[in-house]
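The structure under discussion appears below in the form of structure tokens.
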Amino acid sequence: MAQAVVPAMQCQVGAVRARPAAAAAAGGRVWGVRRTGRGTSGFRVMAVSTETTGVVTRMEQLLNMDTTPFTDKIIAEYIWVGGTGIDLRSKSRTISKPVEDPSELPKWNYDGSSTGQAPGEDSEVILYPQAIFKDPFRGGNNILVMCDTYTPAGEPIPTNKRNRAAQVFSDPKVVSQVPWFGIEQEYTLLQRDVNWPLGWPVGGYPGPQGPYYCAVGSDKSFGRDISDAHYKACLYAGINISGTNGEVMPGQWEYQVGPSVGIEAGDHIWISRYILERITEQAGVVLTLDPKPIQGDWNGAGCHTNYSTKSMREDGGFEVIKKAILNLSLRHDLHISAYGEGNERRLTGLHETASIDNFSWGVANRGCSIRVGRDTEAKGKGYLEDRRPASNMDPYVVTALLAETTILWEPTLEAEVLAAKKLALKV
Ligand code: ADP
Ligand code: MN
Ligand code: MN
Ligand code: MN
């Protein structure tokens with residue numbers, strides 16, 4: 001069937017045949033609201049061939065169609081975290097007109113028995129729209145909607161970590177501290193079917209790590225188009241993405257989101273992951289957030305979480321940072337248990353990590369659990385970097401726990417004295 005369909009979807013469009021190559025390339029621009037396409041009212045004709053053969057696909061035409069001149073209706077892609085706590089699911093629905101705020105959107109539901117989130121006999125899970133973003137895939141006024149998940153009775157289901165995070169971030173004490181998060185999301189690209197990193201010889205290994213970090217060149221950098229397409233798609237969507245870089249292990253990349261305030265950090269990371277998964281789907285490449293995709297002398301993938309409160313950013317902030325580090329040291333095991341599945345394979349003490357069993361901190365030291373930048377030390381204020389979270393961590397869990405441990409939680413006096421002694425020994 002597929003073979004019969006493909007040729008039928010192509011057609012010769014005479015007007016396009018005459019377009020110079022440059023115009024055809026410009027026609028590939030994503031989502032400019034341009035109405036320069038010829039032959040059809042408001043449709044943009046896009047050449048798929050790099051040659052000026054004039055072959056276009058109607059599929060591309062339909063996918064790139066700007067519907068705004070014809071209807072007020074928009075498509076909203078409702079997105080939620082599935083039953084594993086790391087998988088993303090989504091489905092789409094028509095909304096009667098463009099919206100500015102998630103409160104204008106209806107609640108919706110899905111079959112939780114198909115996502116491992118509800119028993120078959122009572123399978124309805126309710127989606128509550130919480131944050132909206134522009135949809136870089138459909139363009140126009142279409143949107144991506146970050147949702148969280150509830151039982152019909154209005155109870156958050158166990159995988160709904162956003163609900164608890166939203167509580168923490170609406171606590172007046174936390175609100176007054178305006179917590180900022182800058183999250184460094186690392187990820188690995190795999191060749192489909194063989195599940196082996198992009199750029200690696202199938203059944204073999206590339207040369208040892210060293211030349212790949214922030215590298216250029218076809219023998220050192222693998223998957224840049226994916227990283228770049230993702231970067232622009234995130235900017236378009238309204239995600240607070242702040243940069244990207246190629247990573248130490250070939251086929252591994254990083255992007256940073258933030259600083260974002262409170263619950264926004266989690267929403268932005270989840271939507272950025274959704275966009276990445278959609279782009280890798282288009283590219284026929286597999287995205288993995290496994291914290292240690294390849295055993296051996298290869299870097300793992302983390303999600304360093306840079307964090308500050310208002311008092312840390314103000315004069316005298318370094319003292320506040322040290323107190324936060326003390327609190328973090330006292331709850332090391334709790335934080336580790338919330339920082340991602342399989343993190344013990346990554347936090348070995350090698351490859352710019354600290355051992356999972358010991359809490360440590362230091363200035364400019366990448367082998368510590370918590371790193372404080374030179375700049376922060378020099379200025380006496382700034383932020384800390386929690387290097388422990390794995391790339392597959394849930395940002396709602398990690399950000400909320402950081403705020404809770406450093407703003408809301410108070411250790412007992414004895415624990416504090418004990419820990420202070422332990423820390424003093426280590427520093
Ligand atoms: P690294 O040197 O560890 O690779 P990156 O440059 O990748 O660091 O990421 C640092 C992150 O910290 C960025 O997302 C940045 O926005 C964020 N950041 C900067 N200042 C603060 C701050 N005061 N509080 C929280 N995050 C911050
Ligand atoms: Mn980084
Ligand atoms: Mn990194
Ligand atoms: Mn870092």
Side-chain angles (χ1 to χ4, degrees), residues 169 174 177-188 209 212-215 227 230-231 234-235 238-249 252-273 276 289 291 299-322 324-325 328 339-340 343 346-347 351-354 360-391 393 395 398-403 405-407:
F169 289 120
V174 177
Q177 279 298 325
V178 201
W180 288 8
F181 299 94
I183 298 177
E184 304 169 49
Q185 176 70 65
E186 293 179 343
Y187 61 94
T188 310
Q209 291 182 165
Y212 310 110
Y213 169 73
C214 296
S227 166
H230 175 255
Y231 198 168
C234 283
L235 285 174
I239 285 165
N240 189 14
I241 187 167
S242 39
T244 70
N245 61 266
E247 268 305 336
V248 174
M249 187 184 101
Q252 204 166 74
W253 292 83
E254 171 180 312
Y255 61 90
Q256 302 93 31
V257 175
S260 319
V261 180
I263 194 74
E264 194 185 283
D267 289 336
H268 283 222
I269 281 288
W270 275 118
I271 294 292
S272 72
R273 286 177 179 175
L276 186 56
L289 296 185
N299 272 35
C303 220
H304 299 167
T305 302
N306 300 273
Y307 168 63
S308 63
T309 61
K310 191 162 173 280
S311 343
M312 294 178 190
R313 296 186 292 268
E314 287 171 352
D315 287 346
F318 198 18
E319 289 311 310
V320 184
I321 290 173
K322 282 190 206 156
I325 291 172
L328 288 167
Y339 278 11
N343 209 9
R346 164 178 167 260
L347 295 180
H351 305 112
E352 299 171 57
T353 72
S360 56
W361 78 280
V363 174
N365 187 339
R366 286 170 197 268
C368 286
S369 316
I370 304 280
R371 175 173 68 116
V372 174
R374 282 241 176 275
D375 212 38
T376 294
E377 186 192 40
K379 290 194 176 124
K381 59 182 169 185
Y383 63 99
L384 61 86
E385 177 191 38
D386 191 340
R387 299 177 59 82
R388 297 170 295 173
S391 55
M393 60 82 148
V398 170
T399 57
L401 192 55
L402 278 168
T405 296
T406 61
I407 303 172

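One-based numbering along the sequence shown. Order of appearance sets the numbers: ligands from 1, and atoms from 1 within every ligand.
Note that CD of E184 and OG1 of T305 are 8.0 Å apart. Values are rounded to the nearest 0.5 Å. A distance of 7.0 Å separates CE in M393 from CD in Q185, rounded to the nearest 0.5 Å. Between the CD1 atom in I239 and the CZ atom in R273 there is a gap of 12.0 Å [rounded to 0.5 Å]. For the atom pair CE (M312) and OH (Y307), the distance works out to 5.0 Å, reported to the nearest 0.5 Å. Taken from OG1 in T309 to CH2 in W180, the straight-line distance is 11.0 Å, to the nearest 0.5 Å. Separation of atoms NE2 (H304) and CD (E352) is listed at 7.5 Å; rounding is to 0.5 Å.
By the 4.0 Å heavy-atom criterion, R387 is excluded from the residues contacting ligand 1. In this structure, M312 falls outside the shell of residues with a heavy atom less than 4.0 angstrom from ligand 1.
The shortest N or O to N or O distance between E254 and ligand 1 is below 3.5 Å. Geometrically, ligand 1 and Q256 share a nitrogen or oxygen pair separated by less than 3.5 Å. Looking at ligand 1, you'll find an N or O of S308 within less than 3.5 Å of one of its N or O atoms. Of the polar atoms of R313, none of the N or O atoms is found under 3.5 Å from an N or O of ligand 1, judged by distance alone. Considering both main-chain and side-chain atoms, G258 comes within under 3.5 Å of ligand 1 through a nitrogen or oxygen pair.
Of all protein N, O or S atoms, those under 2.8 Å from the Mn ion (ligand 2) number 2.
Looking only at heavy atoms of the protein, atom 11 (C) of ligand 1 is closest to N306 ND2, 3.3 Å. For atom 27 (C) of ligand 1, the nearest protein heavy atom (residue, atom name, distance) is P259 CG, 4.0 Å. With respect to atom 20 (N) of ligand 1, the closest heavy atom belonging to the protein is Y383 CE2, 3.4 Å. Nearest protein neighbour of atom 5 (P) of ligand 1, counting heavy atoms only, is E184 CD, 3.8 Å. What sits closest to atom 17 (C) of ligand 1 on the protein, heavy atoms only, is G182 CA, 3.8 Å.
Across every non-hydrogen atom of C303 and A390, the tightest pair is CB-O, 3.2 Å.
For N306 and Q256, the side-chain atoms include no donor-acceptor pair closer than 3.5 Å. For the 3.5 Å distance criterion, the side chains of S308 and R313 qualify, holding a donor opposite an acceptor. There is no side-chain donor-acceptor pair under 3.5 Å between S391 and Y187. D386 and Y339 form a side-chain donor-acceptor contact under 3.5 Å, judged by distance and modelled atom types alone.
Protein heavy atoms are found less than 4.0 angstrom from atom 9 (O) of ligand 1.
Closest to atom 3 (O) of ligand 1 by heavy atom, among H304, Q185, R371, is R371.
When atom types are taken as modelled, the side chain of S242 and the backbone of G258 share a donor-acceptor pair closer than 3.5 angstrom.
Annotation for ligand 1: atoms under 4.0 Å from non-hydrogen atoms of E385 are 3 (O).
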_Intermediate values then yes/no, side chain to side chain contact (heavy atoms under 4.5 Å, CB included), T406 and I325_ = CA-CA 8 Å; T406 61; I325 291 172; over 6 Å; no
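Under a cutoff of 6.0 Å and an axis angle of 45°, R371 and W361 do not form a cation-pi pair.
Counting just the N/O/S atoms of E385, the one with the shortest distance to the Mn ion (ligand 4) is named OE2.
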